[in-house]
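Here is the naming used below: chain letters follow the sequence lines, and residue numbers restart at 1 for every chain.
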Amino acid sequence: MNEKFLQPYNPKDTESSLYELWEQSGFFNPDAMIQAGLTEESAEAFSMVLPPPNVTGTLHTGHALMLVIQDIMTRHQRMLGKRTLWLPGTDHAAIATQSKVEKILEKEKIRKHDLGREVFLERVHQFAQESHDTIVAQCKKMGASLDWSREAYTLDEEREKAVYTAFKQMYGDGLIYRKERIVNWDPKGQTTISDDEVVHIERPSKMYTFKYSHDFPFPIATTRPETKLGDTAVAVHPDDPRYQKYIGKEFSFDFAGEPVTVKVIADEQVDPEFGVGALGVTPAHSQIDFEIAERHKLPLKQVINEYGKMILGMDGVRGEKTEVAREAVVNWLREQGLLVEEKEIVQNVGTAERTGAVIEPLPKLQWWINVNKKIPHRDNRSLKELMLDAVRKDGIEILPQRFEKVYFHWIENLRDWNISRQIWFGHRIPVWYRNDETYVGITAPEGEGWVQDEDTLDTWFSSGLWTFSTLGWPDTDTPDFVNYHPTNVLETGHDILFFWVARMVLMTKYLIGEIPFKTVYLHGLVRDNKGRKMSKSLGNIIDPVELIDKYGTDALRMALIVGNGPGNDVNLDENKIKAYKKFANKLWNITRFILENTVPSPEETDYSPKDQEHTQEQEKLIAEISQEMNEYKYYLVSEKLYHYVWHNFADIIIEESKDIFENGTAEEKLSRQKFLWQSLKNILKILHPFMPFITEEIWQHIPREENDRELLMTNLWPKL
RNA sequence: GGGCGAUUAGCUCAGUUGGUAGAGCAGCUCGUUUACACCGAGAAGGUCAGGGGUUCGAGUCCCUUAUCGCCCACCA
């Protein structure tokens, strides 16, 4: 027996060298498995992409959970004999990464515009590279059996080719268009963002009821008086008797130093019950007003600029930030005797997900994806319909199922997707301009005088292609694409169902006509032991690396997985991890007992009645968990394994064995020895996906029998 | 405003299709150092949030109330 077993199990001594052993074997790569004869060439495929972590820093416990679930899936499928590919990569995460680097530069008192686009991007790439290296090291520490030979990056050359190809095709089909519309402008980040990147927060605010001027016949209400300098109409409901006589009339007056002309119009969208039932229409600074203005062909007047400052109005208004100008306008209204009412209300305001700035709706010329246009070569269905059908008809299954409803609801309310960003880091829009000409292509056009669009693409545009841009697309006859598309499972957090999952469905259904994956497994959030979200401000962030140093990766993996069903948040309690560290040691000592009391291949012998009973019990367990593994019920399987190993195998079977080895007949002893050996090997195999390190470590130190493979990782799941 | 989830032992949470309530931690009693003190045996602890219903039988299915949490939303 190896002397190691005389000491308690120490994960620190073993984990990194075991990962090296696996990695050097090359068997994370399914091709190598086939070459070595460990996987049949004709075997069924199982493929999955790693949701590429953002290169914005280091991995947190949420990532750890994701890696654990996916590694369990991967190791299990590999042991079932499938050609198993788990494909890694990282995401450039455009806005997130750029703003991170901007913050670092801020500390060095450097502004990005002083550096210029090229030099700034150099800095970002350098940051991204460092972050990437950390992330990869962390993935390895978690034991993730990823095929690093296929690693990808959302911003590398192959992915750029995919992105540009997709863009060109969508442009050709009229799905991508350029138009001036109201955008979500982030004044802090100085860029537009998509509807999904807007986070609504509640905050106290005031509703002002006022008259534009003494000559104007009735008051209107608003929460943003400063925008009223840009009003070009007042909208009322067509059936509202109070305002019938004013419809069609025009009024001109001076408003806080700005000459304003409004026309009273009738529009169905106005709710006569709300407020005073009349709406000041500010087409340049409100989504809804912009639409009303389009319907009524009203002029558009911008009063706020990209920095959130007023460009019109009297002193104290022009040049000021909107909040300051608001006060000034309200004071002016008060002085003029135009203010009718001032009421405290709770208002929902949109803020930018990344910078936290309050969104300023502004008119801007931007690139959009039309989600409602019928696509002839996709059965005349729109992108929206393609996304709906993928789940309704094409068999994508979302776990837990309740998220299907959430998914449908999101799609039904989806509006055109704004895909251009005014930042430098990301895929530059593949459009070139020369005078009145526009060229869209994969490479720059021939000839002089072409200038490429300054903007970059929303980061989710490139991640939307991830499941196939990593498999060789736009070539669809590469071995990887043929073998591994569509992927089997997409495992990710439910918080990016819209951002990412839906976008992948959109892109894949449109560009390829297939679904990107068959099953979507959504995990929850990892919270602290009091159920709070981990955040820097609360100071309750748990670093997975620290936990690994303390308890070992296997213990952390078990703590994250036991009892954590799909879609549910986990509260991570250190006591739980501690418990599984003890479990690892228990397994270690079980091995020691068996090594001390048995030899690996006892001569042919039949099982005693008692051992037959134990065997049946074990087979029943294996049958149960094999089924549950196929149903992704890892939270149940892990608990059952824990319970079986500790409270059946150790507490009952091993305790009983002591008596048999002391007082039993020769036949009973032989039977028990054989049973213990078979059991140990079965236990190692079925525990391996959950606790890969300790099971492999034990495997490496026990004698081999016929049919045993060198690495536990490459062995087959017990067959019944 | 719309939708979803949670509520089970002191704490953190399991409980797969309805069939006598489970685990870890903490605490109590006893034991063992000859696989394991990162141990074993045992006991204690719960009207499964409240109310109503379906059923021979409900933690599990239906309705309702309460509290907490999450997501979505262009009511000025």
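The side chain of K586(A) lies closest to C39(B) when the candidates are C39(B), C74(B), A76(B). Nearest nucleotide to the K582(A) side chain, out of C38(B), G40(B), A76(B): C38(B). Checking C36(B), A76(B), U16(B) against every side-chain atom of L636(A), the shortest atom distance belongs to U16(B). You'll find that the side chain of E639(A) is closest to A14(B), out of C36(B), C39(B), A14(B). Listed nucleotides: G24(B), C74(B), C4(B). Nearest to the side chain of Y642(A): G24(B). With G3(B), G24(B), A14(B) as the candidates, the nucleotide lying closest to the side chain of A579(A) is G24(B). Looking at the side chain of H200(A), the nearest of the listed nucleotides U16(B), C74(B), C36(B) is C74(B).
Of all heavy-atom pairs between L680(A) and T591(A), the closest is CD1-OG1, 3.8 Å. Contact detail for I292(A) and L279(A): the closest heavy-atom pair is CD1-CD2, 3.9 Å.
Across G27(B) and U34(B), the matching P atoms stand 26 Å from one another, rounded to whole Å. Spacing of P atoms, C11(B) relative to A26(B), comes out at 16 Å, to the nearest Å. Nucleotides U67(B) and G50(B), compared at atom C1', are 11 Å apart to the nearest Å. Taking atom C1' on both nucleotides, G59(B) is separated from G46(B) by 11 Å, rounded to a whole Å. For the C1' atoms, the distance from A23(B) to A14(B) is 7 Å, rounded to whole Å. A gap of 15 Å separates the P atoms of U8(B) and G51(B), to the nearest Å. The gap from the C1' atom of G19(B) to that of U12(B) amounts to 29 Å, rounded to the nearest Å. Comparing C72(B) with G10(B), their C1' atoms sit 38 Å apart, to the nearest whole Å.
As judged by a 4.0 angstrom heavy-atom cut-off over every strand, K578(A) is placed among residues making no nucleic acid contact. Nucleic acid contact for E628(A): base, since at least one base atom lies under 4.0 Å from a heavy atom of the residue. N589(A) comes within 4.0 angstrom of a nucleotide base, judged by non-hydrogen atoms across all strands. Across all strands shown, H647(A) has heavy atoms under 4.0 Å from sugar-phosphate atoms exclusively, and none from any base. Contact annotation for K576(A): no contact, since no heavy-atom pair falls under 4.0 Å across all strands. Within 4.0 Å (heavy atoms only), E624(A) reaches no atom of the nucleic acid at all. Within 4.0 Å (heavy atoms only), F5(A) reaches no atom of the nucleic acid at all. Here A650(A) lies in heavy-atom contact (under 4.0 Å) with a base. Using a 4.0 Å heavy-atom cutoff across all strands shown, F498(A) reaches sugar-phosphate atoms only and no base atom.
One interatomic measurement links the two molecules: CD1 of I625(A) to P of A14(B), which rounds to 21 Å at whole-angstrom precision. Summarising the geometry, the separation between CZ on R592(A) and P on C39(B) is reported as 15 Å, rounded to the nearest angstrom. Rounded to an integer number of Å, the gap from CZ of R326(A) to C1' of A76(B) is 14 Å. At whole-Å resolution of the value, NZ in K581(A) and C1' in C39(B) are 15 Å apart. Rounded to whole Å, the distance from CD on Q287(A) to P on C75(B) is 11 Å. Taking atom NZ on K405(A) and atom P on C70(B), their separation rounds to 20 Å, with Å as the unit. I594(A) places its CD1 atom 13 Å from the P atom of A35(B), with the value rounded to the nearest Å.
A donor-acceptor pair shorter than 3.5 Å cannot be found between the side chains of D196(A) and W460(A). At a cut-off of 3.5 Å, with distance as the only test, a side-chain donor of E574(A) or Y551(A) sits close to an acceptor on the other residue.
Ring geometry, Y521(A) versus Y632(A): the interplanar angle exceeds 60°, so the pair is classed perpendicular (tilted spans 30 to 60°).
The existence of a salt bridge linking K610(A) and E668(A) is excluded, since no basic side-chain nitrogen approaches an acidic carboxylate oxygen closer than 4.0 Å. Checked for salt-bridge contact, K301(A) and E258(A) meet the test: a charged N lies under 4.0 Å from a carboxylate O. Taking 4.0 Å as the cut-off between side-chain N and carboxylate O, K343(A) and E341(A) do not count as a salt-bridged pair. Salt-bridge formation is detected for the pair E294(A)/K179(A): a Lys NZ or Arg NE/NH1/NH2 atom is positioned less than 4.0 Å from an Asp or Glu carboxylate oxygen.
A6(B) is paired with U67(B) under the Watson-Crick or G-U wobble criterion, all donor-acceptor distances under 3.5 Å. Nucleotide G1(B) forms a pair with C72(B), judged by Watson-Crick or G-U wobble geometry with both contacts under 3.5 Å. When both pairing distances are held under 3.5 Å, C11(B) makes a Watson-Crick or G-U pair with G24(B). Using the Watson-Crick or G-U wobble rule with both distances under 3.5 Å, G45(B) pairs with nothing in any strand shown. If you check A35(B) for Watson-Crick or wobble pairing at under 3.5 angstrom, you find it has no partner at all.
If you check distances only, the side chain of N348(A) does reach the base of A73(B) with a donor-acceptor pair under 3.5 Å. Put simply, the side chain of E655(A) and the base of A35(B) share a donor and an acceptor less than 3.5 Å apart.
With the nearest nucleotide of RNA chain B identified for both I345(A) and D569(A), D569(A) has the one nearer the 5' end. If Y580(A) and P8(A) are placed on RNA chain B by their nearest nucleotide, the residue sitting closer to the 5' end is Y580(A).
At A14(B), none of the side-chain N or O atoms of K640(A) fall inside 4.0 Å of OP1 or OP2 (strictly under the cut-off). The shortest distance between the side-chain N/O atoms of W410(A) and the OP1/OP2 oxygens of A73(B) is not below 4.0 Å. The shortest distance between the side-chain N/O atoms of R402(A) and the OP1/OP2 oxygens of C4(B) is not below 4.0 Å.
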